[in-house]
Amino acid sequence: MFVHPDEDTRADGGFRGERDVLAGYLRDQRITLELKCAGLDAEALARRSVEPSDLSLLGLVRHLAGVEQYWFRQVMAGQDVRRHYRSQEEPAGEFTGAVADPALVADAWATWRTEVAFAERLVAQAPGMDVTGDCGGEPMELREVLVHMIEEYARHNGHADLLRERIDGRVGQ
């Protein structure tokens, strides 16, 4: 097993009500990402999967920080903010800029945690799951954003399983 059951902080279900179900499963997916990266140094986190891919665990952390920022700050809260790690000139910057630098790793985790905290506050304070944000001129309900985020993390946690196994042989559960 990847983590001993006594040390696993994921709830794995048991939630009640729409908000708690969606927020709970998303929280578990976020914890899973942290578990997949636990105990690795900057070099291991930045290690690419297979040529020519630029996929790495650090790239996934940076990417998911940007995904959190986009859906919760921009779409749901309507904030006009500069995207983390990407630009017009470097649209895949979250992956291509994921290099083995401890300061860059610390920044990526801090940025990700800041975005997660913002999202958790937004969800907790929302009057309901039918509150809408603006997604390219189309209304989008918070419940759909949460389902999308669960899907996004689940997909990338699958990538993280394979990346971690390639780094040190640890496999997911």
Side-chain angles (χ1 to χ4, degrees), residues 1-12 23-77 79-123 145-146 148-173:
M1 297 185 79
F2 199 83
V3 62
H4 190 276
D6 294 340
E7 298 170 13
D8 194 343
T9 60
R10 295 172 292 184
D12 195 29
Y25 275 98
L26 179 53
R27 178 183 168 276
D28 282 354
Q29 289 294 326
R30 288 170 173 150
I31 292 169
T32 298
L33 175 69
E34 290 181 295
L35 290 171
K36 301 300 176 189
C37 298
L40 296 176
D41 63 14
E43 183 178 320
L45 287 168
R47 189 168 302 146
R48 303 300 196 240
S49 58
V50 180
E51 291 295 328
S53 176
D54 58 7
L55 192 62
S56 67
L57 288 170
L58 179 56
L60 288 175
V61 172
R62 290 163 49 104
H63 172 70
L64 288 164
V67 170
E68 295 272 359
Q69 177 195 42
Y70 174 75
W71 287 105
F72 293 105
R73 281 194 195 272
Q74 292 182 270
V75 171
M76 293 309 301
Q79 294 182 3
D80 183 19
V81 293
R82 191 174 128 270
R83 294 294 302 272
H84 298 300
Y85 311 117
R86 61 170 31 184
S87 65
Q88 289 275 50
E89 302 78 34
E90 193 63 50
E94 63 260 77
F95 293 106
T96 59
V99 296
D101 175 348
L104 193 133
V105 170
D107 173 74
W109 282 115
T111 301
W112 180 77
R113 287 187 177 98
T114 296
E115 295 303 335
V116 167
F118 178 88
E120 289 175 339
R121 281 190 308 276
L122 185 140
V123 171
V145 170
L146 289 168
H148 171 73
M149 291 298 294
I150 293 165
E151 179 273 333
E152 182 89 14
Y153 272 91
R155 180 168 24 96
H156 290 313
N157 282 335
H159 297 137
D161 273 338
L162 298 172
L163 288 162
R164 183 64 189 247
E165 185 175 4
R166 184 162 170 81
I167 291 167
D168 65 5
R170 289 186 75 183
V171 295
Q173 60 191 63

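All residue numbers refer to positions in the sequence shown, counting from 1.
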Separation of Thr111 OG1 from Leu64 CG (nearest 0.5 Å): 13.0 Å
Compare every heavy atom of Leu45 with every heavy atom of Ser56, then report the nearest pair and how far apart it is. CB-O, 3.5 Å
Going by ring-ring contact (aromatic ring centres under 6.0 Å, His included), His148 matches just one of Phe72, Trp71, Tyr70. Which one? Trp71
Excluding sequence neighbours, so at least two apart, what forms side-chain hydrogen bond (donor to acceptor under 3.5 Å, both in side chains) with Arg155? Glu151, Glu152
Scan residues 83-100 for pairs that pass salt bridge (Lys or Arg N to Asp or Glu O under 4.0 Å), counting only residues two or more places apart or in two chains. Arg86-Glu94
Side-chain heavy-atom pair Phe118, Gln79 within 4.5 angstrom cut-off: yes
Counting only pairs under 3.5 Å, give me each side-chain donor-acceptor contact of residues 101-108, with atom names and distances, residues two or more places apart or in other chains.
{"unit_1": "Asp101", "atom_1": "OD1", "unit_2": "Ala103", "atom_2": "N", "d": "2.9"}
{"unit_1": "Asp107", "atom_1": "OD2", "unit_2": "Tyr85", "atom_2": "OH", "d": "2.9"}

Could you tell me whether a side-chain N or O of Arg170 sits under 3.5 Å from a main-chain N or O of Glu165, the two making a donor and an acceptor? no
Where Pro91 and Gln88 come nearest, the two heavy atoms and their spacing: CD-O, 3.6 Å
Approximate separation, where rounding is to 0.5 Å, of Lys36 NZ and Leu33 CG: 9.5 Å
Please report the interatomic distance CG(Leu55) to NE2(His156), rounded to the nearest 0.5 Å. 8.5 Å
Quick check: closest heavy atoms across Leu163 and Leu60, and the distance to 0.1 Å? CD1-CD1, 3.8 Å
Kindly give the heavy-atom pair with the smallest separation between Ala98 and Ala46, and that separation in Å. O-CB, 3.7 Å
side-chain contact (heavy atoms from CB on, under 4.5 Å) between Leu26 and Tyr153, worked out: CA-CA 8 Å; Leu26 179 53; Tyr153 272 91; 3.7 Å; yes
Residues that Glu43 engages under side-chain hydrogen bond (donor to acceptor under 3.5 Å, both in side chains), provided they are two or more places apart: none
Between Ser53 and Ser49, is there a donor-acceptor pair closer than 3.5 Å when you use the side chain of the first and the backbone of the second? no
Answer yes when Arg73 and Glu115 have at least one side-chain N-carboxylate O distance shorter than 4.0 Å, and no when they do not. yes
Spacing of CG belonging to Leu162 relative to CG belonging to Asn157, to within rounding of 0.5 Å: 11.5 Å
Kindly give the heavy-atom pair with the smallest separation between Arg48 and Thr96, and that separation in Å. NH2-O, 3.6 Å
What's the verdict on side-chain contact (heavy atoms from CB on, under 4.5 Å) for Leu40 and Asp168, showing C-alpha distance, side-chain angles and the deciding distance? CA-CA 9 Å; Leu40 296 176; Asp168 65 5; 4.0 Å; yes
Under the salt bridge (Lys or Arg N to Asp or Glu O under 4.0 Å) rule, what pairs show up with a residue in residues 50-71, not counting sequence neighbours? Arg30-Glu68
Applying ring-ring contact (aromatic ring centres under 6.0 Å, His included), which residue pairs with at least one partner in residues 91-113 are found, sequence neighbours left out? His63-Phe95, Trp109-Trp112
Between atom SG of Cys37 and atom CZ of Arg164, what is the distance when rounded to the nearest 0.5 Å? 8.0 Å
Rounded to the nearest 0.5 Å, what separation is found between the CD atom of Gln29 and the CD1 atom of Ile31? 10.0 Å
